[in-house]
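Structure, as structure tokens:
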Amino acid sequence: MKAIFEFKGYFLEYMIDNKLIGTTLLDNPDREEIGYYSRIDSIAEENIVLDNKKVIKKGTKFFTRIYPLCGKTI
């Protein structure tokens with residue numbers, strides 16, 4: 001039996017010191033690799049406001065990973 005899920009988009013995780021700070025939702029991926037190996041290390045060039053209203057301040061080191069967001073089975 002093959003389960004088919006309704007596709008909802010992607011979510012981008014923001015991590016600081018290996019702790020999840022928050023996420024943002026995306027319609028399209030911003031990179032080719034998806035999942036654990038999609039990690040990109042960055043330094044915030046400006047303040048980043050996440051979906052949970054937390055802020056990553058300018059100059060903070062963080063990394064992101066992107067994952068698919070699936071809904072219910074069709």
Side-chain angles (χ1 to χ4, degrees):
M1 184 173 176
K2 184 178 178 183
I4 299 173
F5 291 94
E6 179 182 359
F7 182 72
K8 297 281 190 176
Y10 298 88
F11 69 96
L12 190 62
E13 294 185 329
Y14 289 85
M15 310 275 287
I16 297 176
D17 297 328
N18 290 324
K19 293 181 184 174
L20 179 65
I21 302 303
T23 62
T24 58
L25 298 178
L26 303 172
D27 291 329
N28 298 309
D30 62 350
R31 56 196 85 171
E32 289 184 27
E33 193 75 34
I34 303 292
Y36 182 78
Y37 295 104
S38 68
R39 178 179 171 151
I40 294 178
D41 295 319
S42 302
I43 297 175
E45 295 178 3
E46 58 185 38
N47 289 347
I48 301 170
V49 180
L50 305 175
D51 288 345
N52 61 357
K53 307 292 190 244
K54 289 189 178 180
V55 177
I56 297 176
K57 294 186 180 186
K58 180 179 178 179
T60 304
K61 292 173 70 174
F62 67 97
F63 67 89
T64 60
R65 288 190 289 232
I66 192 166
Y67 293 99
L69 182 62
C70 298
K72 62 183 179 178
T73 57
I74 297 175

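Computed from a predicted structure; not experimentally measured. Reckoned from all heavy atoms, side chains included, excluding hydrogens, waters and symmetry mates.
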Where is the tightest heavy-atom contact between Glu33 and Ser38, given as atom of each residue plus distance?
O-CB, 3.0 Å

Answer with yes or no whether the hydrophobic clustering places Leu69 together with Leu20; edges join I, L, V, M, F, W, Y residues whose side-chain heavy atoms lie under 4.5 Å apart.
no

Give, for atom CD1 of Ile43 and atom CZ of Phe63, the distance between the pair rounded to the nearest 0.5 Å.
14.0 Å

More than 12 heavy atoms of other groups within 6.0 Å of Asp41 CG
yes

How close do Pro68 and Ile34 get, heavy atom to heavy atom, and via which atoms?
CD-CG2, 3.5 Å

ILVMFWY network linking Leu12 to Ile16, side-chain heavy atoms under 4.5 angstrom:
yes

Shortest non-hydrogen contact between Tyr10 and Asn28, atoms and distance:
CD1-C, 3.9 Å

More than 12 non-hydrogen atoms from neighbouring residues, nucleotides or ligands closer than 6.0 Å to CG on Asn52, yes or no?
yes

Asn47 side chain to Lys58 backbone, donor-acceptor under 3.5 Å
yes

Between CG of Asp30 and OG1 of Thr24, what distance do you get to the nearest 0.5 Å?
8.5 Å

What distance do Ile40 atom CD1 and Phe62 atom CZ have between them, rounded to the nearest 0.5 Å?
9.5 Å

So do Val55 and Ile48 actually touch side chain to side chain, heavy atoms under 4.5 Å?
no

Find the distance between CD1 (Ile66) and CG (Leu26) and round it off to the nearest 0.5 Å.
5.0 Å

Ignoring hydrogens and geometry, is there a side-chain-to-backbone donor-acceptor pair from Thr64 to Tyr14 under 3.5 Å?
no

Straight-line distance of Ser42 OG to Ile56 CD1, nearest 0.5 Å
9.5 Å

From Arg39 CZ over to Arg31 CZ, what is the distance, rounded to the nearest 0.5 angstrom?
11.0 Å

